[in-house]
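Have a look at the structure below before the remarks.
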There are 2 protein chains.
Amino acid sequence: MSKSRRQKEILSLVQSDQISSQLELSRRLRARGTNVTQATLSRDLRELNLVKTAQGYKLAELLNRSNGSHHHLRQVLSQLMTEVAAASNLVVVKTFPGNAPSVALSLDNLGWKDIVGTVAGDDTILVVTRDITQARAVKKRLMELRSP
Amino acid sequence: MSKSRRQKEILSLVQSDQISSQLELSRRLRARGTNVTQATLSRDLRELNLVKTAQGYKLAELLNRSNGSHHHLRQVLSQLMTEVAAASNLVVVKTFPGNAPSVALSLDNLGWKDIVGTVAGDDTILVVTRDITQARAVKKRLMELRSP
DNA sequence: CGCCGTCTCGCATATTTATACGCTGGAGTG
DNA sequence: CACTCCAGCGTATAAATATGCGAGACGGCG
């Protein structure tokens with residue numbers, strides 16, 4: 001069985017089931033008639049850009065969609081935000097240097113309907129809402145997020 | 001030093017430098033005055049949702065952006081696409097069952113300017129282009145991608 | 001105060017992953 | 001054909017990661 005065929009099987013296995021070790025993957029493949037050692041799988045996984053997560057191996061390209069568990073977003077947010085202020089219909093979020101882009105992405109992913117969009121610099125994010133009231137509401141919720 | 005302070009340091013370290021093992025992370029933290037064992041880091045990394053990639057530990061939420069190396073996208077595409085056909089201004093891409101969403105995402109990420117957008121079902125993707133000519137061109141390039 | 005219950009963490013170790021090395025088979029070349 | 005290369009892989013093992021267990025810290029609560 002060719003390398004490419006094997007890698008296809010790996011991708012489809014990994015996407016249908018939760019595989020959490022290379023040994024397990026090796027067993028599953030054997031059950032399907034493909035016989036490889038863990039060493040080869042280690043190499044395959046790197047080539048396919050699969051990463052190990054708490055929920056098994058995942059395609060790195062897909063991690064955002066499949067897995068946007070809010071818990072982690074909040075975890076990240078609470079760790080990286082340093083200040084939150086409202087100004088007119090904007091909320092200004094300060095972060096540790098360099099982390100604004102990550103935090104902004106997390107904010108986007110929260111899916112809050114009163115967040116119209118975000119713009120991130122290096123350590124500052126502008127969160128755009130529709131009006132002053134929404135800006136205050138967002139600020140409030142972000143503050144609560146910081147110290148649960 | 002509190003757990004939360006330590007986790008903040010981990011996030012910022014991991015985002016500024018390339019850290020590829022927990023031992024290395026432990027050393028870097030020690031240099032900054034934070035002293036922890038590998039075991040604790042293993043737990044921290046899971047809580048922070050950091051995954052190990054060939055380029056070091058990365059925030060799972062960010063993997064798309066930081067790391068969209070086209071090589072891997074193409075690898076994924078070539079593995080999962082089974083058929084490509086053009087129809088009017090659309091390109092119809094067939095994939096292995098269940099893989100259409102992944103492939104569609106990869107197609108989006110290619111950044112081809114003649115791809116207006118994609119819609120994915122379970123094993124079929126509609127790729128929308130502006131006209132017949134673009135559809136043919138996209139089809140051609142996708143076919144080449146499949147067998148290099 | 002004394003007695004839980006809960007967190008957090010280190011230690012030791014089990015488990016998992018990566019890799020150095022060497023073999024093999026097929027492609028390309030003269 | 002004979003020869004060289006090299007991708008691909010297994011074996012053995014090194015390296016890295018996860019975890020069972022218990023200790024200490026801290027906050028209620030009677």
Side-chain angles (χ1 to χ4, degrees), chain A residues 1-11 13-14 17-60 63 67 69 71-72 74-76 78-79 146-148, chain B residues 1-11 13-14 17-60 63 67 69 71-72 74-76 78-79 146-148:
Chain A
M1 70 282 325
S2 70
K3 170 177 176 185
S4 118
R5 167 128 197 69
R6 181 183 67 241
Q7 293 192 341
K8 280 176 191 162
E9 300 219 48
I10 292 173
L11 281 170
L13 253 179
V14 149
D17 299 12
Q18 174 168 327
I19 311 274
S20 14
S21 85
Q22 297 176 6
L23 190 60
E24 182 183 352
L25 181 53
S26 156
R27 274 190 249 108
R28 304 292 249 91
L29 284 171
R30 180 167 305 117
R32 284 188 176 205
T34 304
N35 203 302
V36 271
T37 60
Q38 170 270 323
T40 299
L41 292 179
S42 171
R43 297 174 186 121
D44 282 344
L45 294 183
R46 183 169 54 230
E47 283 179 24
L48 293 172
N49 207 26
L50 288 163
V51 297
K52 189 180 185 176
T53 72
Q55 294 76 41
Y57 283 97
K58 301 285 176 192
L59 216 37
L63 267 186
N67 179 20
S69 146
H71 175 257
H72 292 123
R74 285 163 193 262
Q75 175 85 10
V76 170
S78 66
Q79 297 290 4
R146 277 213 303 152
S147 42
Chain B
M1 73 277 330
S2 69
K3 169 179 178 184
S4 119
R5 167 129 196 68
R6 181 184 67 241
Q7 294 194 339
K8 280 177 191 162
E9 301 218 48
I10 292 174
L11 280 169
L13 253 177
V14 149
D17 298 12
Q18 175 168 326
I19 310 275
S20 19
S21 84
Q22 296 175 7
L23 190 59
E24 180 184 355
L25 181 53
S26 155
R27 277 191 246 106
R28 305 291 249 91
L29 285 171
R30 181 167 304 115
R32 285 188 174 205
T34 304
N35 204 300
V36 270
T37 61
Q38 172 269 323
T40 299
L41 291 179
S42 170
R43 296 173 186 124
D44 281 344
L45 294 184
R46 184 170 52 230
E47 283 180 24
L48 293 171
N49 208 25
L50 287 162
V51 297
K52 188 179 185 176
T53 73
Q55 293 75 41
Y57 283 97
K58 301 286 177 191
L59 216 37
L63 265 187
N67 180 22
S69 147
H71 175 259
H72 292 124
R74 287 165 191 261
Q75 174 85 11
V76 170
S78 67
Q79 299 289 5
R146 276 213 303 153
S147 43

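None of these values were measured; they are calculated from a predicted model. A, B, ... follow the sequence lines: proteins, then strands. Residue 1 opens every chain. The analysis underlying the following values was restricted to heavy atoms, covering all of them including side chains, and did not include hydrogens, waters or symmetry mates.
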If you apply the rule side chain to side chain contact (heavy atoms under 4.5 Å, CB included), what do you find for A/L48 with A/L11, and how did you get there?
CA-CA 8 Å; A/L48 293 172; A/L11 281 170; 4.0 Å; yes
Non-hydrogen side-chain atoms of B/L25 and B/L45 separated by less than 4.5 Å
yes
Value in whole Å for how far the P atom of D/dT19 lies from CG of B/D44
14 Å
Within a strict 4.5 Å, meaning less than it, do heavy atoms of the A/T40 and A/R6 side chains meet?
yes
When you compare the side chain of B/L50 with that of B/I10, does any pair of heavy atoms fall below 4.5 Å?
yes
If only atom types and distance count, is the side chain of B/S26 paired as donor or acceptor with the main-chain N or O of B/T37 below 3.5 Å?
no
Rounded distance in Å - CG (B/L41) to P (D/dA18)
11 Å
Only one of B/R30, B/R28, B/R32, B/K3 passes salt bridge (charged side-chain N to carboxylate O under 4.0 Å, His left out) with B/E9, and that residue is B/R32
In whole Å, I'd like the distance from the CG atom of B/L45 to the C1' atom of D/dT19.
15 Å
Would you kindly give the CD-to-P distance between B/E47 and C/dC9, to the nearest whole Å?
9 Å
Value in whole Å for how far the P atom of D/dA25 lies from NZ of B/K3:
18 Å
Each nucleotide in nucleotides 10-17 of chain D should get exactly one letter: B, S or -. Can you fill that in based on protein heavy atoms under 4.0 Å?
BB----SB
